[in-house]
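One structure is given below, encoded as structure tokens.
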Amino acid sequence: MTIIEVPEGWPADEREARAVQDALRARVSLDEAGPRPGVGAVTGVDVAYDDDRGLVAAAAVVLDAETLAVVEEATAVGRVAFPYVPGLLAFRELPAVLAALGALRSAPGLVVCDGYGLAHPRRFGLAAHLGVLTGLPAIGVAKNPFVHAHGELGPRRGDTAPLRADDGTELGRALRTQQGVKPVYVSVGHRVSLDNACAHTLRLAPRYRLPETTRLADRRCRDALTAALTRPADPGSADPVRGVV
DNA sequence: GCGACAG
DNA sequence: ATCTTGTCGC
């Protein structure tokens, strides 16, 4: 487990954060198909919080894209650097996620985020932001609707309904990953096509509604948070609870 | 102005 | 995100 470091120049308020999004948005690459589903590595990232103590824990879990077997995992713990504001989630989650990703020894391959990519108020959600900062191909798979409504979609696994911007642009898709469950919301982050993002999501969810990447990352970051609360001060390393770094 | 609002 | 037991269903 590593200690989170907040990147230089991290925004201090909402106005600065929106300006960062508007500035970085142009760096998103939308002309690449991205990694082929089932080939190489796929990494899930997720974050858990202890609001009372202002603590955050992140996990990055690397899977073999073909077998979905765990290849490697890393966690990071530290203090929360930004409040939760709809549309600015990345500023709350990224410091922790970047720390966990940075602790990996193996190549992450495609990164699967909990949340949105382009289907965002300024078309620059968590997955797009992570992709731009790391250069890695990234997609967003959210559990709940956000700013874009969608029509009904079929009941079978693989059925979709588009998430459209006002100008008609398809920014994402509601995707049914299992029969009889609510859909997940897939959107492109960086260097991946929407078709490919949906194909990856389906492959990663052979049994449950959510992709194995997010299920595993969710489990690991919760464990890391519990461990940080249980075993606060690690002699020899900094204490994330007290913020001594 | 009011409500909605990823995690 | 997080607070939380039992319970319906495969």
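Numbered from 1 within each chain, the chains take letters A, B, ... in sequence-line order.
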In whole Å, I'd like the distance from the [atom1] atom of [X] to the [atom2] atom of [N].
| X | N | atom1 | atom2 | answer |
| --- | --- | --- | --- | --- |
| Phe91(A) | dA1(C) | CZ | P | 21 Å |
| Asp46(A) | dA1(C) | CG | P | 7 Å |
| Asp51(A) | dC3(C) | CG | P | 9 Å |
| Leu89(A) | dT2(C) | CG | P | 12 Å |
| Lys143(A) | dA1(C) | NZ | C1' | 9 Å |

Q. Would a distance-only check, ignoring hydrogens and angles, find a side-chain to backbone donor-acceptor pair under 3.5 Å from Glu212(A) to Leu68(A)?
A.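 Such a contact is absent between Glu212(A) side chain and Leu68(A) backbone.
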
Q: May I ask you to decide if Phe82(A)'s main-chain N or O and Arg92(A)'s side chain share a donor-acceptor pair within less than 3.5 Å?
A: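 Answer holds: yes.
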
Q) What pairs of residues pass the side chain to side chain donor-acceptor pair (under 3.5 Å) test when at least one of them lies in residues 19-32 of chain A, not counting sequence neighbours? A)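 Listed once each, the pairs are Gln21(A)-Arg122(A), Asp22(A)-Arg25(A), Ser29(A)-Asp31(A), Ser29(A)-Glu32(A), Glu32(A)-Arg191(A).
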
Q) What is the 5' to 3' range of DNA chain B, first to last nucleotide, that sits under 4.0 Å from any heavy atom of chain A? A)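 Listing 5' to 3', DNA chain B meets chain A from dC5(B) to dG7(B).
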
Heavy atoms only, 4.0 Å cut-off, all strands: where does [X] land among base, sugar-phosphate and nothing?
| X | result |
| --- | --- |
| Tyr116(A) | base |
| Ala48(A) | sugar-phosphate |
| Gly87(A) | base |
| Pro121(A) | nothing |
| Leu94(A) | nothing |

Q | Minimum heavy-atom distance between Arg176(A) and Gln178(A), given as atom pair plus value | A |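 That closest heavy-atom pairing would be CG-O, 3.2 Å.
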
Q: Compute whether any side-chain donor of one residue and acceptor of the other, for Asp195(A) and Ser193(A), lie under 3.5 angstrom apart.
A: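 On atom types as modelled, these side chains do not qualify, holding no pair under 3.5 Å.
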
Q. Side-chain contact, heavy-atom cut-off 4.5 Å: Asn196(A) with Pro37(A)?
A.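 Sidechains of Pro37(A) and Asn196(A): in contact.
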
